[in-house]
Chemist: 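This structure is in C-alpha cells; I'll ask about it shortly.
Chain letters run A, B, ... following the sequence lines, proteins first and then strands; every chain starts at 1.
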Amino acid sequence: MLKSIDCGQLRADHNEQEVTIAGWVNRRRDHGGLIFIDLRDSTGLVQVVFHPDSPDIFATAERFRSEWVVQVRGKVRMRPNGTENPNLDTGAVEVVATEATVLNASKTPPFDVNQDAPVDELLRMRYRYLDLRRTHMRENLRLRHRIVKFIRDYLDDLRFIEIETPILIKSTPEGARDYLVPSRNHPGNFYALPQSPQQLKQMLMVAGADRYFQIARCFRDEDLRADRQPEFTQLDLEMAFVEPDDVIDMMVDLYIKMAQALAPQKELILPVPRLTYADAMSRFGSDKPDLRFGLEISDLTDIVAGSEFQVFSNVVRDGGMVKGFNAPGYGDITRRQIDELVSVARTYGAGGLVIIGLDAAAESIDALTTDHVRTPAKALSIEEIKAIATRVGAVPGDLILIAAGAQPKVEPVLGQLRLNIAERLGLNDRNKLAFCVVTDFPALEWLEDSQRWHAMHHPFTAPQDDQWDLLETDPGAVIAKAYDLAANGSELAGGSIRIHQRAQQERVFAALGYPQAEVDELFGHLLEAFEYGAPPHGGFAGGIDRLVVTFSDTAESIRDAIAFPKTQAGVDPLFGAPSPVASAQLDDLHIAIVTVDEPEA
RNA sequence: GGCCCGAUCGUCCAGUGGUUAGGACAGCGCCCUGUCAAGGCGCAGACACGAGUUCAAAUCUCGUUCGGGUCGCCA
C-alpha cells in the first residue's frame, strides 16, 4: 500500500506515530514560511504541515495545487493549543511532513471540487469523475451502497435469495418503449432490454424459488424527468404463497428499518398510515400523498349544489363535484400569485380555479361579511362562504382553493395545488419522512386518447376475489390486489398479488382487449408456465435511485443518486453516448441507416 | 411533440438600450511561520451561435444549439 492509514481516520490515539498517507490536495494554505495542506481521501481530510527546516520537502509542497495526488510520510502530533479545528473529525491532530512525493499532478479543475457549491449540470456530467469527488456526491454514493447492502442483509435473513435475470430478453410492447438490441445471428430480429424483470420473476415463482429478490437494472426508452432516468435500479422481489398483507407488512418493515438505520437524522412519522386509493385521491388528490403536512381536501358539493354561482351549481347538476382545501395564512396572496395558481390548475387540465381570500381583520368565520371576502365568485352567498370555510377549516387570514368538475379531473388538480401551496408555505420539510401505504388500486383505467382499457399497474395484477365478474360488466370498477408505498409524495415501491392461473390471466387479457394471437405471441410462455403448477404469488418493486434521494439530505434529483447519469436528452456527456458506429458493425447486425429529410414546414 | 426557465471571465453571480462589462472563488506573480473558506498587494481572464430592430444591443425580437423544469408519455 502507498499509505499506512486513511486521512479521515487520524485521531489523538495516533499521536507520535509515523504514518504514510496519500490522497488529493483539497486545499493549500501557504504562509510563506509555513505551508498547510488539507489532504483528502475517501474517508475525509487531515491537515499536513510543512516546515522550511527541510528545504527539499518544503519546495515540493510549494508546488502542490488543488487535486494533485500526493503521498506524505510524517509524524502525527497533537495540534498546538488553540489551533485545534472542531469542525474536522481529524481536527485535534496534524501530520508533520518528513517526506513528500507527487504521485500525479493535476490540471486546474474546471470547477471547485473542494466545495459543494452549485455547478452547471452539463459540466458536472462532462467531468463526472471530478463531481463524484465532491463531498455530497461521495456521501450519496456511500448512502446508496448502504441501502443496497441493508436490503441484501435484511432479505438474506428472511431466506430470500438473489437471482440474476437476463438483460437481453424478448420485447413485449404495451407500456414503456423498449430499448432494442439487434441480433447478429438472427437478421431482422431484436432483443429488448427489460423494463422490469416482471415476467422473469413470475417464472421463478413457477420454478419454485419462492423467495426471490434482485437489485435489478431496468430500462425504459421514455422522456426523462428530475426523478426519471432511462436506466434505473429497482429492488425487485417476489414471494410465493402470500396474501396482500404479507407483502405489505414486509415491505413497510423493510423501509422503516432502513430509514431508521440509514436516515436517522430524519423525523420518521410512525405508524405508517394505510389509505385506500379512493381515500388517497379523495383526501389528498394523489395516489402517492405527501403526508408531511395536512392541507386535506374537503367535498363541498352539497354546500354549493343550489348556489347562485352557476359555475359550481351547473357542475353539480351535470354530475360533477366541487372540492377544495384551505391554505392557512395565505389570504394576503398577490394577484400574481393567484395567476400562478390558476396556471398550475390549467396545466393539470382544470378549466379554472376559484379562490376565496378571507380578510385577517374579521373576528371569526361567523362574523364574516362580504367586505372580508376576496373572490371572483361574486355570486356565492356569504352563508355559502361561511359553510365552505367551516368545512375546510379556514379562519380569517386564510385562502381557500376550490375546483369544480368531473371527479377524475378535480381531485388530481387539487392534489397538485396542494403540493404547490405546501411548497410556498414551506411545509415540505425535507427533515421529515412520512411513509404511506396505498391499497385497493383500480385494476383498469379507461384511456380516453386510445379509447381502450389499460392495466393501471400491469396486466398480471390479480383482481380482488369478489371483483372478477366486474371485469366484463364494469371494468373500471374492478379493484386489484395492488399496493404502493409512498414517502413524502414520491412513489418508492409498488406491487401486487399476481394472477397464477391461465384461465384467469386470459380473462384479464380479454378485458384489456388483446387479440388472442397477440396474447399467444407475447405471453404464451407465461400462460403455458401457469399450467404446470404455478403457486399463488406476489411481490413488489422499489426504485433504489429515488430512495437514495429520499434518504439523502442533499440530493436534488435522481442524477445525484447515480454515478453516471444521462442528461434530459438521454445523452452521456462523459463518454459521448449515444454515438454513430462503424459501418462494419452495422453490417454484422444487418442494419442499414436510412436518412430521411425532414419535410419543409 | 407542447409549454416554461436559463446560457456573461475556468467556476459562481451582478449587470433592464450608450458601463474602461463589476465582484467573489479558482489561476499566475510578489509578500507572509499557526492557518483551516488563511491573509495582503498586483496581473490576466467572459457577453453560446446566427439573423433582425436601433444612431447604438450583454440588454429588445426571432431562430439554432445546449442545459434544466414540466405536460403528454412512463403497462
Side-chain angles (χ1 to χ4, degrees), chain A residues 26-40 45-53 58 65-67 79-88 90-91 94 96 107-127 130-131 172-178 195-196 198-199 218-230 232 340 343-344 346-349 412 416 420 443-445 447-450 452-461 480 482 491 494 496 508-509 512 514 522-523 541 543 556-557 559 566-569 571 573 601:
Chain A
N26 196 60
R27 254 175 229 285
R28 178 184 60 119
R29 291 178 293 280
D30 185 346
H31 288 232
L34 188 67
I35 297 174
F36 297 103
I37 297 287
D38 289 337
L39 197 62
R40 181 192 76 232
L45 298 177
V46 69
Q47 174 166 282
V48 181
V49 193
F50 295 85
H51 287 283
D53 329 340
F58 194 79
R65 293 294 182 273
S66 286
E67 300 310 311
R79 292 196 186 191
N81 271 337
T83 66
E84 302 86 356
N85 184 348
N87 299 321
L88 219 53
T90 61
E94 62 191 8
V96 182
K107 292 169 75 172
T108 301
F111 53 84
D112 290 331
V113 172
N114 54 21
Q115 53 182 307
D116 284 310
V119 176
D120 179 74
E121 285 280 335
L122 183 60
L123 202 61
R124 290 179 60 192
M125 285 192 238
R126 170 76 180 77
Y127 296 95
L130 296 178
D131 192 38
T172 52
E174 177 70 10
R177 237 175 252 118
D178 284 326
Q195 298 176 25
S196 89
Q198 179 61 34
Q199 294 183 58
C218 306
F219 305 85
R220 293 180 190 172
D221 187 6
E222 295 293 344
D223 287 349
L224 281 68
R225 286 289 188 286
D227 61 353
R228 233 195 274 161
Q229 282 273 311
F232 58 98
E340 286 167 6
S343 143
V344 170
R346 290 234 164 88
T347 301
Y348 291 90
Q416 290 297 331
N420 193 282
L444 311 178
E445 64 183 342
L447 286 190
E448 206 53 52
D449 289 349
S450 41
R452 65 187 176 88
W453 291 102
H454 110 123
M456 194 156 180
H457 188 47
H458 54 53
F460 315 110
T461 302
E491 183 190 329
S496 64
V508 169
F509 284 140
L512 287 166
Y514 287 21
L522 296 180
F523 304 111
E556 299 289 342
S557 89
R559 294 186 298 278
K566 294 177 178 60
T567 69
Q568 196 165 81
V571 168

Chemist: What contact category does A:D120 fall into here, base, sugar-phosphate, or nothing, at under 4.0 angstrom with non-hydrogen atoms?
Modeler: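 Answer is sugar-phosphate: A:D120 comes under 4.0 Å of backbone atoms only.
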Chemist: Select base, sugar-phosphate, or nothing to describe what A:R559 touches, counting heavy atoms under 4.0 Å on all strands.
Modeler: sugar-phosphate
Chemist: Give the nucleotide from the list B:rA38, B:rG34, B:rG68 with an atom nearest to the side chain of A:T567.
Modeler: B:rG68
Chemist: Under a 3.5 Å cut-off for both contacts, is B:rA14 paired Watson-Crick or G-U wobble with anything, and if yes, with which nucleotide?
Modeler: none
Chemist: Can a donor-acceptor pair be found, under 3.5 Å and without considering hydrogens, that links the side chain of A:D112 to the backbone of A:Q115?
Modeler: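 No.
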Chemist: Can you check the A:N87 CG to B:rC36 C1' distance for me, whole Å?
Modeler: 9 Å
Chemist: Could you go through the side chain to side chain contact (heavy atoms under 4.5 Å, CB included) check for A:R40 and A:V113 one step at a time?
Modeler: CA-CA 11 Å; A:R40 181 192 76 232; A:V113 172; 4.0 Å; yes
Chemist: May I ask you to decide if the ring planes of A:Y127 and A:F111 are parallel, tilted or perpendicular, using 30° and 60° as cut-offs?
Modeler: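 Geometry flag for A:F111 against A:Y127: perpendicular rings.
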Chemist: What distance do A:M125 atom CE and A:K566 atom NZ have between them, rounded to the nearest 0.5 Å?
Modeler: 10.0 Å
Chemist: State whether A:E121 and A:R559 are salt-bridged, where the test is any N-O pair (Lys NZ or Arg NE/NH1/NH2 against Asp/Glu carboxylate O) under 4.0 Å.
Modeler: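 Salt bridge present between A:E121 and A:R559.
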Chemist: Under 4.5 Å between any side-chain heavy atoms of A:R27 and A:F36, yes or no?
Modeler: no
Chemist: Mind checking whether A:T90 and A:Q47 have side chains closer than 4.5 Å, heavy atoms only?
Modeler: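 Answer no - side chains too far apart.
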Chemist: Determine the sole option in A:R28, A:R29, A:H51 for which the side-chain contact (heavy atoms from CB on, under 4.5 Å) test with A:I35 is passed.
Modeler: A:R28
Chemist: If we ignore hydrogens and angles and just use 3.5 Å, is the side chain of A:N26 paired with the main-chain N or O of A:N114 as donor and acceptor?
Modeler: no
Chemist: Reckon A:T83 touches a base, only the sugar-phosphate, or nothing at all at heavy-atom distances under 4.0 Å?
Modeler: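 Base contact.
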Chemist: Can you tell me the distance, in whole Å, between the CD atom of A:E121 and the C1' atom of B:rG67?
Modeler: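 Distance, rounded to whole Å: 8 Å.
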Chemist: Nearest whole Å is fine: how far is B:rG67 C1' from A:E556 CD?
Modeler: 16 Å
Chemist: Which base sits across from B:rC73 as a Watson-Crick or G-U pair, both distances under 3.5 Å?
Modeler: none
Chemist: Separation of A:E94 atom CD from B:rU33 atom C1', in whole Å?
Modeler: 12 Å
Chemist: Expressed in angstrom and rounded to an integer, what is the separation of A:D227 atom CG from B:rU70 atom P?
Modeler: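 Whole-Å distance recorded here is 7 Å.
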Chemist: Please confirm whether the shortest side-chain N or O distance from A:R29 to OP1 or OP2 of B:rG39 is below 4.0 Å.
Modeler: no
Chemist: Salt bridge between A:R124 and A:D131, side-chain N to carboxylate O under 4.0 Å?
Modeler: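 Here A:R124 pairs with A:D131 in a salt bridge, since their nearest N and O are under 4.0 Å apart.
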Chemist: Considering every strand shown, what is the Watson-Crick or G-U wobble mate of B:rA7 when both distances are under 3.5 Å?
Modeler: B:rU65
Chemist: Pairing check on B:rG52: which nucleotide meets the Watson-Crick or G-U wobble criteria with it, both distances under 3.5 Å?
Modeler: B:rC60
Chemist: Would you mind reading off the distance between A:I37 atom CD1 and B:rG34 atom P, rounded to a whole angstrom?
Modeler: 17 Å
Chemist: If each of A:V119 and A:R79 is mapped to the nucleotide of RNA chain B with the nearest heavy atom, which maps nearer the 5' terminus, i.e. the 5' end?
Modeler: A:V119
Chemist: Is there any protein nitrogen or oxygen under 3.5 Å from a nitrogen or oxygen in nucleotides 5-10 of chain B, and what are the pairs?
Modeler:
residue	atom	partner	partner atom	Å
B:rG10	O2'	A:P110	O	2.8

Chemist: So which nucleotide from B:rG27, B:rG68, B:rG34 ends up closest to the side chain of A:S66?
Modeler: B:rG27
Chemist: Could you let me know what B:rG29 is paired to, Watson-Crick or G-U wobble, both distances under 3.5 Å, or none if it's on its own?
Modeler: B:rC41
Chemist: Aromatic rings A:F460 and A:F509: how do their planes relate, parallel, tilted or perpendicular, breaks at 30° and 60°?
Modeler: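 Answer is perpendicular, since the angle exceeds 60°.
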Chemist: Between A:D38 and A:R65, just flag the one whose closest nucleotide in RNA chain B comes earlier from the 5' side.
Modeler: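 Looking at RNA chain B, the more 5' nearest nucleotide goes with A:R65.
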Chemist: Rounding to an integer number of Å, can you tell me how far A:R40 CZ sits from B:rA37 P?
Modeler: 16 Å
Chemist: Just to be sure I understand the rule, does A:E84 reach a base, reach only the sugar-phosphate, or reach nothing, if contact means heavy atoms closer than 4.0 Å?
Modeler: base
Chemist: Rounded off to whole Å, could you give me the OH-to-P distance for the A:Y127 and B:rU11 pair?
Modeler: 9 Å
Chemist: Are there any protein N/O atoms within less than 3.5 Å of an N/O atom in nucleotides 71-75 of chain B, and if so, which ones and at what distance?
Modeler:
residue	atom	partner	partner atom	Å
B:rC71	OP1	A:Y348	OH	2.8
B:rC71	OP2	A:R225	NE	3.3
B:rC71	N4	A:R225	NH2	3.3
B:rG72	N7	A:R225	NH2	2.9
B:rG72	O6	A:R225	NH1	3.0
B:rG72	O6	A:R225	NH2	3.0
B:rG72	N1	A:D223	OD2	2.8
B:rG72	N2	A:D223	OD2	3.4
B:rC73	O2'	A:E222	OE1	2.7
B:rC73	O2	A:R228	NH1	3.3
B:rC73	N3	A:R228	NH1	3.2
B:rC73	N3	A:R228	NH2	3.1
B:rC73	N4	A:R228	NH2	3.0
B:rC74	O2	A:R228	NE	2.9
B:rC74	O2	A:R228	NH2	3.3
B:rC74	N3	A:R228	NH2	3.4
B:rA75	OP2	A:R220	NH1	3.2
B:rA75	O4'	A:G175	N	3.0
B:rA75	O3'	A:H454	ND1	2.2
B:rA75	O3'	A:H454	NE2	3.3
B:rA75	O3'	A:A455	O	3.1
B:rA75	O2'	A:A455	O	2.6
B:rA75	O2'	A:H457	O	2.7

Chemist: Give the nucleotide from the list B:rC32, B:rG27, B:rG69 with an atom nearest to the side chain of A:D30.
Modeler: B:rC32
Chemist: According to the Watson-Crick and G-U wobble definitions, with both distances under 3.5 Å, which nucleotide is paired to B:rU20?
Modeler: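 None - no nucleotide pairs with B:rU20, as no candidate has both distances under 3.5 Å.
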